[in-house]
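Fair warning: this is a prediction, and the values are worked out from it, not measured in the lab. These numbers come from the heavy atoms of this one structure, side chains and all, not from hydrogens, waters or symmetry mates. Here, residue 1 is the first one in the sequence, and each next residue gets the next number.
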Amino acid sequence: MKLVVVSAGLGVPSSTRLLADRLAAAVGRQAEADTEVIELRELAVEIAHHFTNGFAGKALAAAQDAVAGADGLIVVTPVFSASYSGLFKSFFDVLDKDALTGKPVLIGATGGTGRHSLVLEHALRPLFAHLRAVVVPTGVYAASEDWGADGLAERIERAAAELAALMPLAPRAGEDVVVPFAEQLAALRR
């Protein structure tokens, strides 16, 4: 199976990338998967050019293909103005409209305070529902105070297990078949 991780962190090092890496490692403990990480900051110029000229550059096209061919996605963004970053949204705006249909997605976000934790439910979950992805029930938000505190590791493991259970059900590239909700629910209960 193929797992693609999309990280919208801007700094180096980045707490967003750290959360993305921890989520990917947890999925790797649950299921055998080849993992590819896409750093959106490295694609920022190509994303902007795509908006102005309608064409994806080589690196952006490779990222689009990776996402379209994935069996599961982990997407993590820093919180800006109580929502996902503009770079994060822009990347998903330049994907093919059907690229995420039926694809299992684990959503995550990082922020300086726990006050922004609802970004998962009020921004990320609706975005991926609109893109017709299957968002796992557990999203993972990590505020500055969460690193090293009780609870984050458990949330990471639970979300990873949910994604790992759904990845075998992901439609393959070119398939129009979407796994019925009952099968998705049964996979999560295993």
Distance (rounded to the nearest 0.5 Å) between [X] [atom1] and [Y] [atom2]:
{"X": "Y84", "Y": "T77", "atom1": "OH", "atom2": "OG1", "result": "9.5 Å"}
{"X": "E42", "Y": "L60", "atom1": "CD", "atom2": "CG", "result": "12.5 Å"}
{"X": "I38", "Y": "I74", "atom1": "CD1", "atom2": "CD1", "result": "12.0 Å"}
{"X": "S85", "Y": "F91", "atom1": "OG", "atom2": "CZ", "result": "12.0 Å"}
{"X": "K97", "Y": "H130", "atom1": "NZ", "atom2": "NE2", "result": "10.5 Å"}
{"X": "L87", "Y": "L43", "atom1": "CG", "atom2": "CG", "result": "8.0 Å"}

Shared hydrophobic cluster for [X] and [Y] (ILVMFWY, side-chain gaps under 4.5 Å):
{"X": "L40", "Y": "L131", "result": "yes"}
{"X": "V76", "Y": "V4", "result": "no"}
{"X": "V105", "Y": "M167", "result": "no"}
{"X": "V136", "Y": "V134", "result": "yes"}
{"X": "V67", "Y": "V37", "result": "no"}

Item to check | Set of residues satisfying ring pair (Phe, Tyr, Trp, His ring centres under 6.0 Å) with respect to F128, sequence neighbours excluded | outcome: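 Testing F128 for ring pair (Phe, Tyr, Trp, His ring centres under 6.0 Å), a comparison that skips the adjacent residues, returns F92.
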Checklist entry - Quick one: salt bridge (Lys or Arg N to Asp or Glu O under 4.0 Å) partners of D65, sequence neighbours excluded? => result none
Checklist entry - Can you name the salt bridge (Lys or Arg N to Asp or Glu O under 4.0 Å) partners of D34, sequence neighbours left out? => result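 Scan of D34 (salt bridge (Lys or Arg N to Asp or Glu O under 4.0 Å), adjacent residues dropped) gives none.
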Next on the checklist: Show, in sequence, the C-alpha distance, side-chain angles and deciding distance for L73 and L100, and conclude whether the side chain to side chain contact (heavy atoms under 4.5 Å, CB included) test is met.
Outcome noted: CA-CA 9 Å; L73 291 175; L100 299 183; 3.3 Å; yes
Item to check | Partner residues of A61 under the side-chain contact (heavy atoms from CB on, under 4.5 Å) criterion, sequence neighbours left out | outcome: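 For A61 the side-chain contact (heavy atoms from CB on, under 4.5 Å) partners, ignoring immediate neighbours, are A56, Q64.
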Checklist entry - Who are the side-chain contact (heavy atoms from CB on, under 4.5 Å) partners of S81, not counting sequence neighbours? => result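 S81: no side-chain contact (heavy atoms from CB on, under 4.5 Å) contacts found.
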Item to check | L23 and L106: CA distance, side-chain angles, deciding distance, side chain to side chain contact (heavy atoms under 4.5 Å, CB included) verdict | outcome: CA-CA 9 Å; L23 289 164; L106 190 167; 3.9 Å; yes
Residues in side chain to side chain donor-acceptor pair (under 3.5 Å) with [X], at least two apart?
{"X": "E121", "value": "R125"}
{"X": "D93", "value": "K89"}
{"X": "E157", "value": "R29"}
{"X": "R158", "value": "T138"}

If you look only at distance, which donor and acceptor atoms sit under 3.5 Å apart when one is on a side chain in residues 12-21 and the other is two or more places apart or in another chain?
unit_1, atom_1, unit_2, atom_2, d
S14, OG, T16, N, 3.1
S14, OG, R17, N, 3.1
T16, OG1, T110, OG1, 2.7
R17, NE, D21, OD1, 2.8
R17, NE, D21, OD2, 3.2
R17, NH1, E39, OE2, 2.5

Checklist outcome for this item: Contacts satisfying ring-ring contact (aromatic ring centres under 6.0 Å, His included) that involve residues 20-77 (not counting sequence neighbours) are none
Is it the case that more than 12 heavy atoms not belonging to [X] sit under 6.0 Å from its [atom1] atom?
{"X": "E32", "atom1": "CD", "answer": "no"}
{"X": "R115", "atom1": "CZ", "answer": "no"}
{"X": "N53", "atom1": "CG", "answer": "yes"}

Checklist entry - Judged by atom type as modelled, is there a donor-acceptor pair below 3.5 Å linking the side chain of R155 to the main-chain atoms of Y141? => result yes
Next on the checklist: Checking the side chain of D71 only, and the main-chain atoms of K2 only, is there a donor and an acceptor separated by less than 3.5 Å?
Outcome noted: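 Yes, D71 side chain to K2 backbone: donor-acceptor pair under 3.5 Å.
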Check [X] against [Y] and note the closest heavy-atom contact, atom names and distance.
{"X": "P126", "Y": "L120", "value": "CD-O, 4.4 Å"}
{"X": "A68", "Y": "K103", "value": "O-NZ, 3.2 Å"}
{"X": "Q30", "Y": "A164", "value": "CB-CB, 3.5 Å"}
{"X": "A143", "Y": "G114", "value": "CB-N, 3.5 Å"}

Checklist entry - Is there any salt bridge (Lys or Arg N to Asp or Glu O under 4.0 Å) pair reaching into residues 43-52, and which pairs are they, with sequence neighbours excluded? => result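 Applying salt bridge (Lys or Arg N to Asp or Glu O under 4.0 Å) to every pair that reaches into residues 43-52, excluding sequence neighbours, yields nothing.
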Next on the checklist: Quick one, H122 and V119 - any side-chain contact, counting heavy atoms below 4.5 Å?
Outcome noted: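 Side-chain contact under 4.5 Å: no.
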